[in-house]
Amino acid sequence: MGEKKKKIIKSIKIDLDKCNGCRACEVACSAFHAAPKYSSNNPARSRIRVIHEPLRDVYVPVYAGEYAKAECLGRDKYVIDGKEYDECGFCRASCPSRDIFKEPDSALPLKCDMCEDDPPQEKPLCVQWCLNDALIYEEREEEVEEEVKLEDVEIGMESMIDKYGLETVMDTLARISATKKE
Ligand code: SF4
Ligand code: SF4
């Protein structure tokens with residue numbers, strides 16, 4: 001059992017009735033996370049994606065969660081108040097079954113970091129830019145068990161190993177490090 005400690009829990013409440021699918025949140029997120037910041041924007045690498053089906057009046061903002069190595073054995077599909085949502089429509093995983101929540105060029109997993117990056121933001125960028133107030137930011141304090149945290153680079157490496165195999169990744173790293181030393 002780990003130690004207990006106080007932690008600020010950050011959450012974003014999503015009001016589907018207020019989202020009109022404008023996708024300003026995707027633009028703001030991808031621009032904030034570009035390197036250098038705001039140098040480009042590409043919704044394909046946003047850590048929030050809006051499931052957008054105007055004919056069914058479906059607009060569902062979904063935040064990138066954890067990297068999933070394998071697909072689930074079955075898929076869910078929801079019908080709520082007579083409205084049919086897409087298969088896996090509420091799932092946050094960066095998963096082999098789909099393209100969202102992956103870097104478009106490298107397929108490295110993307111995860112929402114609540115904009116904790118430098119400089120620290122008072123509110124996440126997507127919340128600031130949602131002019132319809134569909135995204136509502138909340139903080140509260142909770143006692144939690146200290147967890148072992150995988151750094152982003154470890155998660156990225158793990159996904160590369162899952163995709164290409166340990167040997168290929170090690171060979172590639174050895175080749176790159178040799179050229180860097182030249
Ligand atoms: S900015 Fe707000 S209203 Fe626009 S798509 Fe995102 S969540 Fe929906
Ligand atoms: S909280 Fe920040 S990182 Fe997460 S989706 Fe919103 S803008 Fe992107």
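For ligands, and for the atoms within them, numbers begin at 1 and follow the listed sequence.
When each of Glu116, Glu138, Glu139 is paired with Lys10, the side chain to side chain donor-acceptor pair (under 3.5 Å) condition holds for Glu116 and for no other. A side chain to side chain contact (heavy atoms under 4.5 Å, CB included) with Leu110 is found for exactly one of His33, Lys102, Arg45, namely Arg45.
Each of the following atoms of ligand 1 lies closer than 4.0 Å to a heavy atom of Val50: 5 (S). Those atoms of ligand 1 that come under 4.0 Å of a heavy atom in Arg23, given as number and element, are 4 (Fe), 5 (S). Close approach of ligand 1 to Asn132 (heavy-atom distance below 4.0 Å) involves ligand atoms 3 (S).
Counting all heavy atoms, side chain and backbone alike, Ser11 lies closest to Met114 at CA-CE, 4.2 Å.
Atoms CG and SG, on Asn42 and Cys29 in that order, are 11.0 Å from each other to the nearest 0.5 Å. How far CG of Leu16 is from CD1 of Ile51: 11.0 Å, rounded to the nearest 0.5 Å.
Residues Tyr78 and Asp86 have side chains that never bring a donor and an acceptor to within less than 3.5 angstrom of each other.
If you look at ligand 2, the protein residues with a non-hydrogen atom under 4.0 Å away are Cys29, His33, Arg47, Ile48, Tyr63, Cys112, Asp113, Met114, Cys115, Pro124, Leu125, Cys126.
No side-chain heavy atom of Leu135 sits under 4.5 Å from any side-chain heavy atom of Trp129.
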